[in-house]
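Below is one structure, written out as structure tokens, with a few remarks after it.
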2 protein chains.
Amino acid sequence: MTARVGRKKTTIYDVAAAVDASVSTVSLVLNGDWSRYRIKEETSERILKTARELGYKVNLRARGLRLSKSGLAGMILPHYRNRFFADLAETFELGVRKRNLCPIVVSTQRDVEVELKVASTLLAQRVEFLFIAGVADPAALNRMCDEASVPCVNVDLPGTGAPSVVSDNRAGALLVTQKLIDKVRATGKSANDMLFLGGVAGEYATDNRIAGFLEALRQAGVDPRSDMVSCCGYRPENSSSAFRAYVERHGKLPSGLFISSITTFEGVVRYSVSTATALDCAVGCFDWDPFAADLPFTVAMLRQDVESMMEIAFNSLTTERQLARDILLVPPILERA
Amino acid sequence: MTARVGRKKTTIYDVAAAVDASVSTVSLVLNGDWSRYRIKEETSERILKTARELGYKVNLRARGLRLSKSGLAGMILPHYRNRFFADLAETFELGVRKRNLCPIVVSTQRDVEVELKVASTLLAQRVEFLFIAGVADPAALNRMCDEASVPCVNVDLPGTGAPSVVSDNRAGALLVTQKLIDKVRATGKSANDMLFLGGVAGEYATDNRIAGFLEALRQAGVDPRSDMVSCCGYRPENSSSAFRAYVERHGKLPSGLFISSITTFEGVVRYSVSTATALDCAVGCFDWDPFAADLPFTVAMLRQDVESMMEIAFNSLTTERQLARDILLVPPILERA
DNA sequence: GATCGTTGCTAAATCTATTTAGCATCAGGC
DNA sequence: GCCTGATGCTAAATAGATTTAGCAACGATC
């Protein structure tokens, strides 16, 4: 078989000409409702056979144009490089395929320009709905969707212009911190030396996680101090040096360590490896990664409940729910404790 | 701003009616060559202004139909859950956007049915080219592309129906194994006790990696034995138990361990953690992961050169190169040694 | 006064598929 | 002989763009 780059594709017109029928008949037959339109079985068989012989494949873009629906569903997310976003993408694809649509997932590397450009491309492609995940400010994208009359939903980070499905950061952090406190006290240490590491103050997720962390401390009778929280951003280098600074300042490890994201965790491990410091303290992490889960010390990991989140997100695409614009909280799952 | 789900979109006809001009004029103006067609600047400005006011956005599917090109570029890959595939997807998207197309990346979970179905959907959407990554047998997909006259390229695993871009598994394995042997001998141990772990015998990548592994041994004067290679598949559980079996059989760790994939690595780490066995041997891995790179022992990691691979893949889409159907080998990068 | 050139547009074809209204034919009933 | 209903299709409109050929009007040129 030789490559036939550039050859023209078979259309229903070609099929119609070949069987000497009208395009309408061909269309009806190929779409399966020839009996409803009283087309003879023999005719329909001839058409089907010829279509197969000519290698006819429907042009979904022409169909989409006629029907004014594209068969495409879009999702925007920052990247695929951690399990949360990878799972989001795969779960989205699965759900979209189940609805007989074709998924378009595009990563934007957290670049606002790219986010805007990608969104407008997807809307110009007339996606039937758009999932917006991990975008710092979804408002602008929500507005674009609104103008294009395309239903959309915010995932992971909430926005006011559409329904939002978000992990219950506060409840999750509360839960893990309680576990950590139990463990700290079980080993005879003090919950006064706990540390929250990572994230960016002022960010939705970080603020809620901190709130949960502090609440658990208060519930345990600990009075939170400002040096119990170190928002050092997401880059491993930053958490590495922030953690080092903490240890040097206090002359010891914290008794319990709450790590706010997987990349923050990376930095902590890097510190531990490079300084040959065993992480001899209770550790919890708001994120999950198979490698991190196999590290030589126990980590209480919170895995975001991607499946539930996506199911809820798909359900929020109906008109009424589009208008409601709720923030729907999904509790994360404690993976290991 | 209220949601306007279902509202009709503005077309060039609406704009034409609003400014009392013909659709052709509107199209000409909106496509930027109004001066070539001698349309008055004033007219063009009126059209532009009105289009903006009406919120006109081009319908790429209509344009695509007319121009018989979709503006879409497709890629299918197994999943996003390791850095190699995640990087492939992101690099693909970048390259596609640079060419002013819209990327459609779809994961298939290594399910042949899904691969076929997704490929035919993408072809029916008239993607302008298709990247096929990590598919065990690309031949069928290559044939579909050929029939649809869509250029395609196989990445990661080669196929005979299109050009293929593949990591140089053999050369990479050779290099890492040499490093391992050096390290083994430097610590006074014997290169006779090395182990290749993971992969599936008969698979392209595995076979080539084993070939490189064995060649390095021979070059170092070691006579390979069959118990130096354990193809236990990709699942962490399998490599965990295979490694355990090896250690029990020999009563000690191998002197040097060549791990064939990141999930195999996961299993080894899991074994090491669960049995509290320090991995006190030279370790190399044909794959890269940030967490694995930070483990408390040095691992020589081979990172596939995704950027080069994708650049070569994009270049292989021209007609001549489509016909050539070469296998293009890209050396992987030694990440840490 | 015929021709030419320029200006500023527009009509119409095209891309491929869907879908509704309706045409043509024939048998059967009254 | 006329009407009805069934049968088996087809014509034509439609979806929303792009693009080429060419029209109309007017001044300039020979």
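Sequence lines set the chain letters: A, B, ... in the order given, protein chains first and strands last, and positions in each chain run from 1.
Remark on DNA chain C: of its neighbouring residues A:Arg63 and B:Glu41, the 5'-side contact belongs to B:Glu41, judged by nearest-heavy-atom nucleotide.
A sub-4.0 Å separation between OP1 or OP2 of C:dG8 and a side-chain N or O of B:Thr43 is absent. Taking 4.0 angstrom as the limit, B:Ser68 places none of its side-chain polar atoms (N or O) nearer than this to OP1 or OP2 of C:dC15. Residue A:Asn31 places at least one side-chain N or O closer than 4.0 Å to OP1 or OP2 of C:dT18. Taking only side-chain nitrogens and oxygens, A:Thr11 never comes nearer than 4.0 Å to OP1 or OP2 of C:dT16.
A salt bridge links B:Arg81 to A:Glu90: at least one charged side-chain nitrogen sits closer than 4.0 Å to a carboxylate oxygen. The existence of a salt bridge linking A:Arg46 and A:Glu42 is confirmed by a sub-4.0 Å separation between a basic side-chain nitrogen and an acidic carboxylate oxygen. We find that B:Glu53 and B:Lys49 are joined by a salt bridge, their nearest charged nitrogen and carboxylate oxygen being less than 4.0 Å apart.
Residue-to-nucleotide contacts include no donor-acceptor pair under 3.5 Å from the side chain of B:Ser27 to the base of D:dA17. The base of C:dT14 is paired with the side chain of B:Arg66 by a donor and an acceptor separated by under 3.5 Å.
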### Task
May I have the step-by-step check of side-chain contact (heavy atoms from CB on, under 4.5 Å) for A:Leu141 and A:Val135, ending in yes or no?
CA-CA 9 Å; A:Leu141 301 186; A:Val135 170; 4.1 Å; yes
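Remark: aromatic rings of A:Phe85 and B:Tyr80 are distant, center separation not under 6.0 Å.
Contacts of A:Leu67 with the nucleic acid, taken as non-hydrogen atoms under 4.0 Å apart, involve only primed sugar atoms and P, OP1 or OP2. Within the 4.0 angstrom heavy-atom criterion, no nucleotide atom of any strand lies near B:Lys69. Contacts of A:Val26 with the nucleic acid, taken as non-hydrogen atoms under 4.0 Å apart, are absent.
For the pair A:Leu28 CG and C:dT20 C1', the interatomic distance rounds to 10 Å; values are reported in whole Å. When rounded to the nearest whole Å, the span between NZ of A:Lys9 and P of C:dT16 equals 9 Å. Rounded to an integer number of Å, the gap from CG of A:Leu65 to C1' of D:dT14 is 9 Å. A straight line from CD1 of A:Ile47 to P of C:dT18 spans 13 Å, rounded to a whole angstrom. Across the protein-nucleic acid pair, A:Arg126 atom CZ and D:dA15 atom C1' stand 11 Å apart, rounded to whole Å. Remark: C1' of C:dT18 and OH of A:Tyr56 are 10 Å apart, rounded to the nearest angstrom. The distance between atom CG of A:Leu30 and atom C1' of C:dT19, rounded to the nearest whole Å, is 14 Å.
If you check D:dC9, C:dT19, C:dA12 against the side chain of B:Ser24, the one that comes closest is C:dA12. For A:Ala21, taking side-chain heavy atoms from C-beta onward, the closest of the listed nucleotides C:dC9, D:dT10, D:dA17 is D:dT10. Ranking D:dA17, D:dC9, C:dA17 by closeness to the B:Tyr13 side chain, first place goes to D:dA17. Checking D:dA11, C:dT19, D:dT18 against every side-chain atom of B:Ile12, the shortest atom distance belongs to D:dT18.
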